[in-house]
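Per chain, numbering begins at 1; letters A, B, ... match sequence-line order.
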Amino acid sequence: MALRIYNTLTSKKEELVPVRPGEISIYNCGPTVYNFFHVGNARNFIVIDAIRRYLEWKGFKVKLAQNITDVDDKIIKKASAEGRTPGEVAREFTAYYFEDLEKLGVRKADVNPKATEHIKEMQDLISVLIGKGFAYEQNGDVYFSVEKAKAAGYGKLSHKNIEELEAGARIDVNEQKNSPLDFALWKKDKNEGISWDSPWGKGRPGWHTECCVMSAKYLGLPFDIHAGGIDLVFPHHENELAQAEAAYGSTEKFAKYWLHNGHLNIRGQKMSKSLNNSLMARDIMMTMNSGVIRFFLLSAHYRSPLDWTEENVASAVAGYNELRYTLSRAALALDKPAVEGGSPDAVLLEKGKAMEEAFVSAMDDDFNTASAIAALFTCASEIKNSIKKKDFVLNAQNREVLKLAAAKLASLGGALGFRLETEDLSAEALALAAEREKARKIKDFKASDELRAKLDKLGYIAEDSRMGQMVFKK
RNA sequence: GGCGGCAUAGCCAAGUGGUAAGGCAGCGGUCUGCAAAACCGCGAUUCCUCGGUUCAAAUCCGAGUGCCGCCUCCA
């Protein structure tokens, strides 16, 4: 079945046909490094990470570029408030960004280009735009003329038209622009501690040029998917598209599919500075397994809004653990030697196959992770069912079937970035577990309970079942 | 004011014409040294409301209501 993806540009689900067969190139708008990133940002990173992993799981060669905006108003503002240089602020939070991504279990992009390292390329693009008549210089600033892009259909990505935008536009007092809709490609230096020489004098690049330049440089033109948060559709991506179109000739020569993820709310409210309700991913990870965060963020379709509430998060904790523990239980069963007799468990084998089909068709339909996760649960419950069934005999054949089912669950989970495999216990936990096993054999339950408490403190859960003791990481 | 989206059980959430996936929570039971987990059983005669199209609609059309996003920095 064909892989379909919702394209913001056409407002339709389209078949994903890569520019280069077998390869998929993705450009995701990365962070502006002026602060730690919050769970809302994390949603974007994790959604893209899951899409990337799934595509790779399907056999595509994926190239992901995720930029770092390290020159920007917000960085300059923060630097000046703290008496530091913009460069210092950017470097600090770039380091935190990579640290937090790793903790979140998000794989690093293939390239992480920085705006400040592509000033020359941006200037070249601006020169081209001026040469083609799409941009004009005004006292050291350079602006893009939206009016000139009208013929090319400016507004088509965000589905707005110029007249409406003009009607709603704010009048800026210090405006040098010919039209309020025009946007800055190059901003004249105002002694903010960060500037470069240019044909138009000292200054720094404007908002939307970097992605234009860096996507082309690292992915080649055209490339497949241009992604980002829904709020970037306008004006960022609209303006970026206008520039690319003006410079390269047409939309088709830039990005083929535009993908935007919905926002994450906090208890029904938009995350914002004024409400002081931003949850930093870094803080949450202090108390929460990163897998739970991923599970929660993938539990809704990526384009739907999602609400972070205590209840919803608790639900994710329980659900995610259920998947993990299933594999621990399967591993425990597989720990025992095979026995003779019994008949093959045909149901499990069949269900494993059906589950993969359900998973793939969910993901192929515009990366429906919510539905794909449901398929994981179906598989998990079949595994548990089999182990528990009275007539299930762990003969050599069923051992293989169970192994396959468990491997399948791990593999499909992995395609979304979940690490469901049983984690190895620390030496200390292993020793405590062995001790507890002994205590239980001689029915010294007092000692057994104490050992369970000790394991709990170390972050392990000890469960007793018919098959024996199970100890696994919380 | 303009543009766009959404409305499915207590909560989350799939489902775009064929008779309501899945998860969490809850209740009853089995199991258990305990605990937890697990397993079995139980939930929407119905998908915001009202009309319409159709043999058939949560799914299509129209009207209404409510919520949200964007139009300004924002993932």
Side-chain angles (χ1 to χ4, degrees), chain A residues 8 11 13 28-32 34-35 37-48 66 72-74 77 155 158-161 163-170 172 180-181 207 227-236 238 260-265 268-273 278 281 295-296 299-307 309-323 325-326 328-329 358 362 365 368-378 380-381 384-385 387-390 440 443-446 448-449 452-453 456 461-467 470 472:
Chain A
T8 305
S11 305
K13 280 185 200 171
N28 187 40
C29 274
T32 299
Y34 71 106
N35 201 349
F37 66 80
H38 54 63
V39 249
N41 300 307
R43 185 182 190 190
N44 168 259
F45 302 150
I46 283 175
V47 161
I48 297 303
Q66 182 156 305
D72 160 274
D73 291 349
K74 293 187 288 295
K77 200 174 158 194
S158 54
H159 308 288
K160 298 176 184 304
N161 66 58
E163 287 71 27
E164 281 157 8
L165 287 168
E166 276 169 347
R170 285 194 318 186
D172 199 327
L181 295 184
W207 303 333
I230 185 79
D231 53 293
L232 295 183
V233 174
F234 189 89
H236 183 57
E238 190 71 62
H260 296 99
N261 63 277
H263 274 180
L264 179 78
N265 293 325
Q269 284 181 319
K270 183 178 164 161
M271 248 189 278
S272 81
K273 281 225 169 116
S278 293
F295 184 92
F296 173 72
S299 68
H301 184 91
Y302 75 87
R303 282 189 282 122
S304 306
L306 182 60
D307 197 17
T309 65
E310 272 64 27
E311 193 182 3
N312 295 350
V313 169
S315 171
V317 172
Y320 179 65
N321 284 338
E322 189 52 40
L323 287 180
Y325 297 170
T326 295
S328 294
R329 292 193 178 93
D365 183 14
N368 194 333
T369 52
S371 192
I373 286 174
L376 298 184
F377 275 105
T378 308
S381 103
K384 287 183 290 192
N385 244 312
I387 296 175
K388 205 237 162 186
K389 249 186 297 187
K390 277 200 187 107
R440 279 175 43 75
K443 297 199 188 295
D444 183 354
F445 297 121
K446 191 169 173 259
S448 153
D449 288 347
R452 174 151 60 198
D456 182 74
I461 294 174
E463 279 184 15
D464 303 314
S465 77
R466 256 180 235 155
M467 290 185 290
M470 271 187 289
F472 40 72

Review point. Any donor-acceptor pair under 3.5 Å between the side chain of A:Asp449 and the base of B:rG33?
Key: yes
Point to revise | Interatomic distance where CZ belongs to A:Arg440 and C1' belongs to B:rG33 [whole Å] | key: 8 Å
Exercise for review: Provide the distance between the two P atoms, one in B:rC48 and one in B:rC55, to the nearest whole Å.
Suggested key: 24 Å
Check your understanding: Could you state the CG-C1' distance from A:Asn41 to B:rC73, rounded to the nearest angstrom?
Key -> 13 Å
Review point. Looking only at heavy atoms, what is the nearest atom pair of A:Ala281 and A:Ala42, with distance?
Key: CB-CB, 4.5 Å
Check your understanding: Say you pick atom P in B:rC12 and the same atom in B:rG4; how far apart are they, in whole Å?
Key -> 27 Å
Review point. When only distance counts, do a donor and an acceptor, one from the side chain of A:Asp72 and one from the base of B:rC73, lie under 3.5 Å apart?
Key: no
Check your understanding: Over how many whole Å does the gap from A:Asn44 atom CG to B:rA75 atom P extend?
Key -> 9 Å
Review point. Among all residues two or more places apart in sequence or in another chain, which pass the side-chain contact (heavy atoms from CB on, under 4.5 Å) test with A:Asp73?
Key: A:Lys187, A:Arg204, A:Trp207
Practice item. Return yes if some donor-acceptor pair links the side-chain N/O of A:Arg43 with the main-chain N/O of A:His263 below 3.5 Å, else return no. Key: yes
Review point. How would you label the contact of A:Gly40 with the nucleic acid (heavy atoms, under 4.0 Å): base, sugar-phosphate, or nothing?
Key: base
Check your understanding: Which residue, A:Tyr302 or A:Pro31, contacts RNA chain B at a nucleotide closer to its 5' end, judged by nearest heavy atom?
Key -> A:Tyr302
Point to revise | Length of the NZ-C1' vector between A:Lys74 and B:rA75, whole Å | key: 11 Å
Point to revise | Test side-chain contact (heavy atoms from CB on, under 4.5 Å) applied to A:Phe296 and A:Leu306, step by step | key: CA-CA 9 Å; A:Phe296 173 72; A:Leu306 182 60; 3.9 Å; yes
Check your understanding: When we call it a touch if two heavy atoms are under 4.0 Å apart, what does A:Leu264 touch: a base, just sugar-phosphate, or nothing?
Key -> base
Check your understanding: How far, in whole Å, is B:rG26 from B:rA7 if one measures between their C1' atoms?
Key -> 25 Å
Review point. With both distances under 3.5 angstrom, what nucleotide forms a Watson-Crick or G-U wobble pair with B:rC24?
Key: B:rG10
Point to revise | Separation of the P atoms in B:rG23 and B:rG51, to the nearest angstrom | key: 36 Å
Revision key, fill the gap. From CZ of A:Phe296 across to C1' of B:rA13 the rounded distance in Å is 11 Å
Point to revise | Partner nucleotide of B:rC39 by Watson-Crick or wobble geometry (both distances under 3.5 Å) | key: B:rG29
Review point. Is any side-chain nitrogen or oxygen of A:Asn385 closer than 4.0 Å to OP1 or OP2 of B:rC40?
Key: yes
Check your understanding: In the structure shown, which nucleotide is the Watson-Crick or G-U wobble counterpart of B:rU72, with both distances under 3.5 Å?
Key -> none
Study note, to complete from the structure: Separation of B:rG5 atom P from A:His260 atom NE2, nearest Å, is 15 Å
Review point. So what does A:Ser304 touch, heavy atoms closer than 4.0 Å: a base, only the sugar-phosphate, or nothing?
Key: sugar-phosphate
Point to revise | Rounded distance in Å between the C1' positions of B:rA20 and B:rU8 | key: 8 Å
Point to revise | Pairing partner (Watson-Crick or G-U wobble, both distances under 3.5 angstrom) of B:rC60 | key: B:rG52
Revision key, fill the gap. Checking N1-N3 plus N6-O4 or O6-N4 for Watson-Crick, or N1-O2 and O6-N3 for wobble, each under 3.5 Å, the partner of B:rU19 is none
Practice item. For residues A:Phe45 and A:Phe37, establish whether the separation of their ring centroids is below 6.0 Å. Key: yes
Practice item. Determine the interatomic distance between C1' on B:rA9 and the same-named atom on B:rG64; round to the nearest Å. Key: 25 Å
Practice item. Name all residues meeting the salt bridge (Lys or Arg N to Asp or Glu O under 4.0 Å) criterion together with A:Asp72; count only those two or more places apart in sequence or in a different chain, and write none if there are none. Key: A:Lys74
**Study point:** Distance-only side-chain donor-acceptor flag, A:Ser11 / A:His159, under 3.5 Å
**Key:** yes
Practice item. Using the test salt bridge (Lys or Arg N to Asp or Glu O under 4.0 Å), find all partners of A:Arg452 that sit at least two apart in sequence or belong to another chain. Key: A:Asp449, A:Asp464
Check your understanding: With respect to the side chain of A:Glu463, which nucleotide from B:rA36, B:rA14, B:rA75 is positioned closest?
Key -> B:rA36
Check your understanding: Which nucleotide, in any strand shown, forms a Watson-Crick or G-U wobble pair with B:rU45, with both distances under 3.5 Å?
Key -> none
Review point. Which part of the nucleic acid, if any, lies within contact of A:His301, taking any heavy atom under 4.0 Å across all strands shown: a base, the sugar-phosphate backbone alone, or nothing?
Key: sugar-phosphate
Study note, to complete from the structure: Ranking B:rG33, B:rA75, B:rA13 by distance to the side chain of A:Met271, first place goes to B:rA75
Practice item. For A:Asn312, answer base if it contacts any base atom (sugar-phosphate contacts may also be present), sugar-phosphate if it contacts only those atoms, and nothing otherwise; contact means non-hydrogen atoms under 4.0 Å. Key: sugar-phosphate
Review point. Quick one: salt bridge (Lys or Arg N to Asp or Glu O under 4.0 Å) partners of A:Lys446, sequence neighbours excluded?
Key: A:Glu450
Exercise for review: Please state how far atom CD1 in A:Ile230 lies from atom P in B:rA75, giving the value in whole angstrom units.
Suggested key: 14 Å
Review point. Any side-chain N or O of A:Lys270 less than 4.0 Å from the OP1 or OP2 oxygen of B:rC70?
Key: yes
Revision key, fill the gap. Of B:rA14, B:rC70, B:rG33, the nucleotide closest to the side chain of A:Lys160 is B:rC70
Check your understanding: Distance between the C1' atoms of B:rC60 and B:rC67, in whole angstroms?
Key -> 24 Å
Review point. Hey, is the side chain of A:Ser278 poking within less than 4.0 Å of OP1 or OP2 on B:rC74, counting only N and O atoms?
Key: no
Study note, to complete from the structure: Assert: residue with more 5' nearest nucleotide on RNA chain B, out of A:Leu232 and A:Lys443, is A:Lys443
Exercise for review: Work out which heavy atom in A:Leu264 is nearest to a heavy atom in A:Gly40; give both atom names and the distance.
Suggested key: CD2-N, 3.9 Å
Practice item. Give one of base, sugar-phosphate or nothing for A:His263, where a contact means two heavy atoms less than 4.0 Å apart. Key: base
Review point. For atom P, what is the distance between B:rG62 and B:rC3, given to the nearest Å?
Key: 15 Å
Are there any protein N/O atoms within less than 3.5 Å of an N/O atom in nucleotides 17-26 of chain B, and if so, which ones and at what distance?
residue : atom : partner  : partner atom : Å
B:rC24  : O4'  : A:Ser315 : OG           : 3.2

Review point. Hey, does the side-chain of A:Arg452 have a donor or acceptor N/O within less than 3.5 Å of a partner on the base of B:rA36?
Key: no
Study note, to complete from the structure: Sequence neighbours excluded, the answer for salt bridge (Lys or Arg N to Asp or Glu O under 4.0 Å) partners of A:Lys77 is none
Point to revise | Sugar-phosphate, base or nothing in reach of A:Asn368, heavy atoms under 4.0 Å | key: sugar-phosphate
Practice item. Send over the distance from A:Tyr325 OH to B:rA36 C1', rounded to a whole Å. Key: 10 Å
